[in-house]
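If you're wondering where the values come from, they're calculated on a predicted model, not measured in any experiment.
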Amino acid sequence: MEDINASIGFDKKLWRQDIQGSLAHAAMLGKVGVISAEDVVSISDGLKSIAAEIEAGGFPFTTALEDIHMNIEARLTERIGEAGKRLHTGRSRNDQVATDFRLWVRDAIDGIAIQITGLMRALAERAAAHAADPMPGFTHLQTAQPVTFGHHLLAYVEMLDRDRGRLADARRRLNVSPLGAAALAGTSFPIDRAMTAATLGFDRPAANSLDAVSDRDFALEFLSAAAIGAMHLSRFAEEIVIWCSAPYRFIRLSDAFTTGSSIMPQKRNPDAAELVRAKTGRMTGALVALLTVMKGLPLAYAKDMQEDKEPVFDSAESWALSLAATTGMVCDMTPDIARMRKFAGSGFATATDLADWLVRVLKLPFRSAHHITGTLVGIAEKKGIDLAGLTLAEMREVEPGITAEVFSVLTVDASVASRTSLGGTAPANVAREAAGWLAVLA
């Protein structure tokens with residue numbers, strides 16, 4: 001029973017937040033006259049000394065006291081006597097843990113948001129440096145149209161900005177205080193919940209005592225944001241793995257972010273990227289785990305909710321580590337610009353430019369231009385050449401109106417330069433977007 005009931009093995013991570021909440025609660029009890037001013041001083045000094053003890057690694061955590069709340073309260077009473085027994089007046093472990101956990105998740109959100117901003121900045125800096133350097137753009141992992149390397153990197157800046165937005169939204173909804181809701185029904189003591197909420201940086205007290213102690217939406221929202229954020233990092237990690245592979249060799253990572261093989265001396269494995277990709281599985285699993293824990297719980301508190309913390313702690317740690325590793329790889333990678341340029345025109349990547357030229361210059365309907373271009377691609381493919389390798393005479397056999405001007409749109413540089421629409425890959429667009437992001441992220 002002790003083994004299954006105790007949570008101190010993992011919830012000791014909440015010690016800072018538990019002491020922070022208890023300091024606010026004690027100050028409020030003193031202000032409203034529930035405990036004496038002398039008790040407030042004694043409790044506050046005792047809690048601060050316990051914080052120093054934990055920080056120094058000398059605190060005697062014990063599973064017999066179940067959780068971080070009882071461990072700290074017992075130690076407080078041991079140190080200051082009767083005053084320590086008065087601290088829990090007007091609250092329950094139910095609202096106490098809900099408060100501590102909200103404070104912890106809020107701190108985690110703030111830290112991860114800073115890391116996301118750092119990764120966005122690193123990507124925007126690389127994008128600015130490579131705003132005009134072409135690479136193949138893919139759909140279905142097949143060569144589609146040329147884009148610039150900078151444009152590709154900025155796509156992830158957009159994703160990461162949405163991740164920041166989800167965290168900001170989750171933080172706003174999280175930021176209400178359960179403290180004072182007590183076990184489930186509130187308390188008969190004349191407490192000032194607005195005071196403790198303000199002291200702890202919450203926007204307001206939670207309005208319903210039942211909801212205050214039973215709500216774990218804030219943890220689920222964090223896990224949802226983490227799972228989506230991990231998925232974004234995983235997509236980028238997958239591209240790094242592909243780009244590093246021998247058939248592509250678009251980028252190179254140094255030994256700082258790769259490992260060797262135990263048997264093949266030539267190998268440089270992108271293990272950091274692969275592990276970022278793998279973390280997504282456990283973070284998605286954490287979200288599903290807590291959704292499953294919560295789905296059948298009646299109001300208000302049930303011991304099942306003790307299972308809320310480990311998934312959140314693990315996801316926060318995994319997300320922070322993945323962000324750090326990804327930022328490191330972005331700063332570390334060396335792109336092979338010449339090789340990316342070479343492959344940017346492969347696979348008839350400028351076919352759409354030819355079709356667009358037929359529409360723009362010869363005023364053909366796009367579907368007709370699409371058919372003509374497809375025919376020319378088929379001819380070039382049989383000859384083992386690209387579209388620019390066809391002669392003007394060969395093109396005119398398919399469409400007599402084609403002129404030599406068409407060859408001006410069949411280069412990679414002309415293709416990317418022509419994509420000037422909002423959000424397009426034209427180097428001027430990319431340079432402007434990168435500069436805008438760097439200004440925002442400064």
Side-chain angles (χ1 to χ4, degrees), residues 108 111-131 133-138 141 147-161 163-164 226-284 314-344 434 437-438 441:
I112 288 170
I114 291 170
Q115 284 190 276
I116 292 174
T117 299
L119 176 53
M120 292 171 67
R121 188 182 302 112
L123 286 164
E125 288 171 352
R126 300 308 298 266
H130 298 289
D133 292 323
M135 69 174 291
F138 300 98
L141 205 55
V147 297
T148 72
F149 188 46
H151 191 59
H152 196 112
L153 296 178
L154 285 180
Y156 286 98
V157 175
E158 296 288 338
M159 294 183 212
L160 289 161
D161 189 49
D163 292 334
R164 286 199 310 176
I228 295 170
M231 176 269 293
H232 288 154
L233 296 180
S234 182
R235 294 183 72 180
F236 186 52
E238 170 69 4
E239 297 208 291
I240 289 175
V241 171
I242 292 171
W243 293 345
C244 285
S245 66
Y248 284 83
R249 297 200 306 276
F250 287 173
I251 66 169
R252 183 181 184 277
L253 291 174
S254 75
D255 291 345
F257 288 92
T258 57
T259 65
S261 164
S262 64
I263 189 172
M264 295 168 285
Q266 83 281 8
K267 295 291 292 299
R268 179 180 273 110
N269 300 320
D271 283 5
E274 291 172 2
L275 288 166
V276 167
R277 186 175 60 186
K279 294 286 187 188
T280 309
R282 67 195 291 172
M283 294 167 73
T284 302
D314 185 72
S315 282
E317 182 178 333
S318 295
W319 198 0
L321 183 57
S322 296
L323 285 163
T326 304
T327 304
M329 287 187 287
V330 169
C331 296
D332 179 78
M333 65 184 182
T334 302
D336 189 332
I337 300 303
R339 188 170 177 82
M340 284 197 286
R341 173 180 285 277
K342 174 185 174 183
F343 279 87
W437 274 116
L438 288 171
L441 298 168

Over 12 non-hydrogen atoms of neighbours within 6.0 angstrom of CD in Glu238: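 Counting other residues, nucleotides and ligands, CD of Glu238 exceeds 12 neighbours.
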
Criterion side-chain contact (heavy atoms from CB on, under 4.5 Å) on Trp437 and Asp161, from CA distance to verdict: CA-CA 10 Å; Trp437 274 116; Asp161 189 49; 3.5 Å; yes

Student check: side-chain heavy atoms of [X] and [Y] closer than 4.5 Å:
X      : Y      : answer
Met333 : Phe257 : no
Asp133 : Met340 : no
Leu323 : Leu233 : yes
Pro335 : Met135 : no

Quick one: [atom1] on [X] to [atom2] on [Y], what's the gap to the nearest 0.5 Å?
X      : Y      : atom1 : atom2 : value
Leu321 : Gln115 : CG    : CD    : 9.0 Å
Thr117 : Ile112 : OG1   : CD1   : 12.0 Å
Leu141 : Ile242 : CG    : CD1   : 5.0 Å
Glu158 : Leu123 : CD    : CG    : 11.5 Å
Leu160 : Arg164 : CG    : CZ    : 9.0 Å
Phe149 : Asp336 : CZ    : CG    : 10.5 Å

Ignoring hydrogens, what is the shortest heavy-atom contact between [X] and [Y]? Give both atom names and the distance.
X      : Y      : result
Ala230 : Thr280 : O-OG1, 3.2 Å
Ala127 : Leu153 : N-CD1, 4.0 Å
Leu154 : Ala434 : CD1-N, 3.9 Å
Asp332 : Ala256 : OD1-CB, 4.4 Å
Ala273 : Ile240 : CB-CG2, 3.9 Å

Glu274: side chain to side chain contact (heavy atoms under 4.5 Å, CB included) partners, not counting sequence neighbours: Val241, Pro270, Asp271, Arg277

Side chain to side chain contact (heavy atoms under 4.5 Å, CB included) partners of Thr258, counting only residues at least two apart: Leu253, Asp255, Arg268

Arg249 side-chain N/O to Arg339 backbone N/O, donor-acceptor pair under 3.5 Å: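 Checking the backbone N and O of Arg339 against the side chain of Arg249, no donor-acceptor pair under 3.5 Å is found.
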
Backbone of Ala131 reached by a side-chain donor or acceptor of Thr148 within 3.5 Å: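 It does hold such a pair.
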
Among Phe236, Trp243, Phe250, ring pair (Phe, Tyr, Trp, His ring centres under 6.0 Å) partner for His152: Trp243

Criterion side-chain contact (heavy atoms from CB on, under 4.5 Å) on Arg121 and Leu438, from CA distance to verdict: CA-CA 6 Å; Arg121 188 182 302 112; Leu438 288 171; 4.2 Å; yes

